[in-house]
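Reading through the structure tokens given below for one structure.
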Number of protein chains: 2
Amino acid sequence: MPSGGGLPARRKTAPTISDVAALAGVSTATVSKSLNGRTGISPATRAKVVAAAEQLGFRSSAIAQSLLSGRSYTVGLITNDSFGRFSIPVMLGAEDALQAGQIAVLLCDGRDDPIREQHYVRTLAARRVDGIVVTGRRADPRPPVTLDFPIPVVYAMCESTDPRDASILPDDEQGGRLAVEHLLATGRRSVGHVTGPSDFRAVRLRTAGATGALARAGLELAGGAPLHGPWSEEWGRQAATILLRAQDDLDAVFCGSDQIARGVAEGLQAAGRKIPGDVALVGFDNWTVMTDACRPPLTTVDMNLPLVGKRAAETLLAAIDGRASSGTELVPCRLVVRESTRV
Amino acid sequence: MPSGGGLPARRKTAPTISDVAALAGVSTATVSKSLNGRTGISPATRAKVVAAAEQLGFRSSAIAQSLLSGRSYTVGLITNDSFGRFSIPVMLGAEDALQAGQIAVLLCDGRDDPIREQHYVRTLAARRVDGIVVTGRRADPRPPVTLDFPIPVVYAMCESTDPRDASILPDDEQGGRLAVEHLLATGRRSVGHVTGPSDFRAVRLRTAGATGALARAGLELAGGAPLHGPWSEEWGRQAATILLRAQDDLDAVFCGSDQIARGVAEGLQAAGRKIPGDVALVGFDNWTVMTDACRPPLTTVDMNLPLVGKRAAETLLAAIDGRASSGTELVPCRLVVRESTRV
DNA sequence: TAGTCGTACGAAAACGATTTCGCTTGCTTT
DNA sequence: AAAGCAAGCGAAATCGTTTTCGTACGACTA
């Protein structure tokens with residue numbers, strides 16, 4: 001017995017299937033079949049092989065497997081929202097669904113730079129990824145990533161201008177409807193709407209959902225039109241003043257973001273209105289940092305971002321599996337009720 | 001000429017080096033040498049090969065290269081801060097530095113679950129990653145990831161209990177010192193300190209930096225001791241009241257987070273103090289959502305998180321390259337001056 | 001005892017790229 | 001004109017795994 005035979009020698013390279021075969025006294029084919037549960041191996045041999053693999057700490061090389069199978073069991077995830085508040089939950093949802101499908105995720109921070117994105121696409125191509133997920137928060141549909149090889153691409157939280165591409169988006173219109181229907185159900189009748197810049201498609205959709213719900217109740221927006229401004233608390237404070245001046249009987253406000261809603265809350269309270277006693281308030285995003293810091297805690301619309309990521313992953317997995325789909329899928333939003341709309 | 005000869009036929013699999021060789025009428029060895037800039041190839045042959053590769057859209061398979069070189073040019077990135085505010089900038093900093101070194105990043109969301117983390121480590125082992133970065137926001141040093149194979153690991157924004165491991169952390173103590181030195185330099189003398197739970201090591205370090213700087217000026221904390229509470233604005237509001245009651249001549253507050261600082265600002269203003277006229281205020285994190293929403297905008301300490309990620313990546317690259325290091329490296333913080341401390 | 005059949009295992013090819021080493025050319029030199 | 005030499009290119013091995021196909025051996029049957 002060699003000295004120090006108790007522990008296997010520290011190797012610089014990982015043990016290979018040949019090492020296992022040599023230790024077990026069988027061929028590499030037998031090792032492969034034993035460890036992968038193939039038939040035609042006697043229980044005794046299988047046990048011997050398993051013991052040898054265990055002893056060496058053998059793990060089959062995914063690289064060699066990929067070379068043989070032609071699949072890398074890897075997808076690229078290109079993100080374009082470096083601020084991260086929206087795309088991170090999407091990314092994590094996608095990562096979770098993909099790793100459940102035994103697929104690893106290569107992270108690429110595109111930074112909204114087409115050159116950089118193109119560079120990543122080339123890298124991903126060289127790595128023979130099975131597919132690509134593109135995430136990002138954008139005002140409008142984006143041009144598709146250009147690839148000169150046929151692998152599936154799914155867009156999450158952003159939409160491709162090519163209708164043949166698959167895109168997954170939150171259902172902003174349904175979210176706006178949810179918010180207003182909740183306000184109407186709790187007895188409100190004069191609903192204002194303070195939101196972000198009108199060149200965001202999501203803003204227009206949420207407004208459409210809100211006004212649609214009002215119209216079905218025979219109502220229209222307090223003040224007649226939505227108030228557009230920047231995505232800031234400061235804008236919310238200003239807008240509260242504007243709204244109250246335009247519509248004295250205001251009893252509810254639906255806001256395009258939780259940040260704006262918090263500003264509106266402060267503005268309303270500074271004008272002496274009680275929330276939810278005088279005016280009910282609904283935000284958008286379910287950004288808990290804002291909803292919980294708001295006094296009172298804010299009722300809001302949650303876009304189910306992890307679910308958006310999950311659906312994107314599932315769509316991609318299906319496409320990799322040959323069941324490609326196209327067009328835009330909308331993931332429903334969900335209302336989270338807190339103090340700001342209590343009756 | 002075959003019909004449709006203008007465009008190459010749509011292939012299901014990517015072109016291989018053999019395809020290029022066949023089209024160029026040379027061997028695969030010549031193709032490899034031509035495309036990789038090796039010597040011993042005539043300009044004419046090289047041009048022919050390049051043209052053929054171009055025509056087919058050939059990209060060398062990273063998988064085959066990995067199998068041969070024994071390196072995957074990939075690292076695993078295990079994150080444990082699903083909240084994301086802290087580890088995302090670190091991740092992106094690391095990703096940027098790694099991709100500049102031609103290394104791809106496999107994303108793994110550990111979710112603070114050791115089982116899940118162990119699962120990822122096994123996956124990464126099978127994929128033969130060149131190294132692993134572990135990020136996470138933790139109160140205290142964490143047990144190292146256990147791997148039965150020798151690849152380098154670097155901890156970013158968290159510290160391993162094994163002193164032989166390399167960890168990269170922001171220099172919280174220096175950050176605390178920076179904040180207080182700035183307050184002293186602008187003429188403040190009665191400095192309070194409102195911060196998070198004392199079981200966070202970062203909290204204790206920031207406090208130590210702050211009290212050290214005060215001590216060198218012959219001063220101590222207003223109220224005698226730091227005020228510990230949850231990481232919330234609500235706590236900041238309460239703490240402002242407590243501080244004012246304990247120390248009427250209070251003229252500055254250093255806060256353990258921007259969120260707390262915003263609460264303190266509201267509390268102070270509710271008590272009639274002007275910022276920065278009566279009391280100067282410094283936060284921590286440079287979380288612009290908070291610093292910009294605060295009135296007035298908040299002076300704060302920035303932990304240079306992308307730099308932490310970058311240093312982690314560089315440390316890992318060095319270790320992969322055989323130049324391993326160990327121990328904890330502190331990345332200095334940076335003061336960002338805004339209205340809340342204007343003189 | 002000879003023939004047949006089924007089971008258990010091994011040899012070898014395959015995946016796609018790189019590299020070493022040797023062979024063929026064509027040119028220069030004496 | 002023969003020999004030497006360098007440049008240019010190709011054959012083949014290699015990386016680690018899976019799979020196909022062939023082979024050997026044991027047992028059972030006639």
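Model, not experiment: these values are computed from the prediction. So you know, we letter chains A, B, ... as the sequences are listed, proteins then strands, and number each from 1.
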Can [X] and [Y] be counted as an ion pair, charged N to O under 4.0 angstrom?
| X | Y | result |
| --- | --- | --- |
| B/D162 | B/R164 | yes |
| A/R116 | B/D96 | yes |
| B/R323 | B/D321 | yes |

Identify which nucleotide among [options] has an atom closest to any side-chain atom of [X], counting heavy atoms from C-beta outward.
| X | options | result |
| --- | --- | --- |
| A/K33 | D/dT18, D/dA12, C/dC9 | C/dC9 |
| B/S60 | C/dA17, D/dT17, C/dG16 | C/dA17 |
| B/R128 | D/dT17, D/dG8, D/dT19 | D/dT17 |
| B/S32 | C/dT18, C/dC9, C/dG16 | C/dT18 |
| B/T45 | D/dG8, D/dG16, C/dT19 | D/dG8 |

Under-4.0 Å side-chain N/O to phosphate OP1/OP2 contact, [X] with [N]:
| X | N | result |
| --- | --- | --- |
| A/S42 | C/dC9 | yes |
| A/S27 | C/dG10 | yes |
| B/T28 | D/dG10 | no |
| A/T30 | C/dG10 | yes |
| A/R38 | D/dT19 | yes |

If I take atom [atom1] in residue [X] and atom [atom2] in nucleotide [N], what distance separates them, rounded to the nearest angstrom?
| X | N | atom1 | atom2 | value |
| --- | --- | --- | --- | --- |
| B/I17 | D/dT14 | CD1 | P | 19 Å |
| B/R71 | D/dG16 | CZ | C1' | 18 Å |
| A/R59 | D/dT17 | CZ | P | 12 Å |
| A/Q65 | C/dG16 | CD | C1' | 16 Å |
| A/N36 | C/dC9 | CG | C1' | 16 Å |
| A/L68 | D/dT20 | CG | P | 11 Å |
| B/L67 | D/dG16 | CG | P | 7 Å |
| B/Y73 | C/dT18 | OH | C1' | 12 Å |

Task: A/D109 side chain to B/Q99 side chain, donor-acceptor N/O pair below 3.5 angstrom - done: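 B/Q99 and A/D109 do not have a side-chain donor-acceptor pair below 3.5 Å.
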- [ ] Have a look at B/L77 and tell me which of B/V90, B/V105, B/L98 forms a side-chain contact (heavy atoms from CB on, under 4.5 Å) with it.
- [x]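 The residue from B/V90, B/V105, B/L98 that satisfies side-chain contact (heavy atoms from CB on, under 4.5 Å) with B/L77 turns out to be B/V105.
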TODO: Give A/V31 one of three labels, base, sugar-phosphate or nothing, depending on what nucleic acid heavy atoms sit under 4.0 Å from its own.
DONE: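 Contact class for A/V31: none.
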